[in-house]
Amino acid sequence: MCEVIVITSGKGGVGKTTTTANLGSGLAALGKKVVMIDTDIGLRNLDVVMGLENRIVYNLVDVVEGSCRVKQALIRDKRYPGLYLLPSAQTRDKTAVNEHQMLKLIEHLRPQFDYILLDCPAGIEQGFKNAVAGADSAIIVTTPEVSAIRDADRIIGLLESHEMKKIDLLLNRMRLDLVKRGDMMSPTDVVDILGIPLIGVIPDDEHVVISTNQGEPLIETASLAGRAYRNISLRITGEKIPIELFKSVSFWTKVTDIFHKN
Amino acid sequence: MKKFNIFKKKKSSSIAKDRLKILLISDRINCSPQTLNLIKQDLIKSISKYMSIDEEQMEIVLKKNDKRGNNRKPSLYANIPILDILE
């Protein structure tokens with residue numbers, strides 16, 4: 001059975017594309033057949049984060065307009081068997097595709113894949129509507145900042161009114177030193193505010209910058225962020241992996257958990 | 001002296017949390033005070049057919065619903081003191 005997951009946030013720059021790239025790689029590393037679709041028409045980035053920018057021939061707009069077959073536009077990632085990218089168009093805008101066309105494309109891809117990951121553009125306009133149209137579930141990416149959380153809340157409201165059945169929260173760029181000091185909201189605080197289940201926490205890790213520079217997914221590295229993405233990939237497949245923040249935090253987490261229970 | 005200030009000062013994370021909680025209730029509801037007043041007037045009109053109510057003490061507010069699994073949707077709370085039942 002294929003699951004179509006949209007990765008969205010409302011606010012830009014919180015890590016949707018990095019998350020899509022690493023969850024796509026993470027699921028493929030688990031032996032799943034995965035296609036990542038970049039729905040950010042005009043501002044494509046998933047290709048460059050994945051290091052596949054030089055292999056683009058056709059794109060999403062070519063596919064929906066019928067200029068090529070779907071199979072011709074899919075780029076196979078040679079690092080993982082079963083990982084494909086459908087890049088976005090760089091020269092067009094969001095209105096080049098509509099919701100009906102996206103639905104048709106997803107229904108075409110569904111029988112061939114285990115997971116379809118949709119990298120959603122920032123904002124709540126046509127690009128968001130396209131990305132959400134065919135999705136079974138959503139992962140909301142947010143950082144522990146007031147602006148990102150406010151936008152995430154708006155997105156959750158919109159998804160709920162579209163009757164999205166499953167909405168999970170991915171908290172990105174968490175800095176435990178700041179949380180400890182009381183200068184950053186904790187995962188518990190953010191979950192408390194947004195009221196949706198947490199699928200994972202990604203620490204603020206310089207390895208993310210390094211791997212993006214190199215066009216390599218983090219999944220294979222020994223970094224904390226890489227490990228966090230591997231664990232989220234496992235959770236998506238249904239494994240029950242407890243959410244860990246960072247190695248050294250377990251004691252602190254236990255203490256705050258006690259306080260939150262009381 | 002400095003240490004005392006550290007204990008007294010509210011942490012910025014809890015300021016953020018408190019600000020967000022208030023902000024998001026109004027963001028989610030998207031209901032103006034005018035609309036709420038119209039609802040109140042309509043309620044008075046229809047209930048007054050059957051009961052005499054205390055309009056001064058009447059309270060119509062939107063609250064965050066704390067019921068499990070549905071805590072994102074606000075609820076309309078109405079507190080209407082009854083003075084007399086009309087025969």
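Order of the sequence lines fixes the chain letters, A, B, ..., with proteins taken first and strands second; residue numbering starts at 1 for each chain.
Below 4.5 Å, heavy atoms of chain B meet no heavy atom from residues 3-24 of chain A.
Rounded to the nearest 0.5 angstrom, B:Leu24 CG and A:Leu194 CG are separated by 7.0 Å. Remark: B:Lys21 NZ to A:Ile149 CD1 distance equals 12.0 Å, nearest 0.5 Å.
Looking at every heavy atom in both residues, A:Met185 comes nearest to B:Ala16 through CE-CB, 3.6 Å. For the residue pair A:Arg150 and B:Leu20, the shortest heavy atom distance occurs at N-CD2, 4.1 Å.
Side-chain N/O atoms of A:Asp183 and B:Ser12 include a donor and acceptor closer than 3.5 Å.
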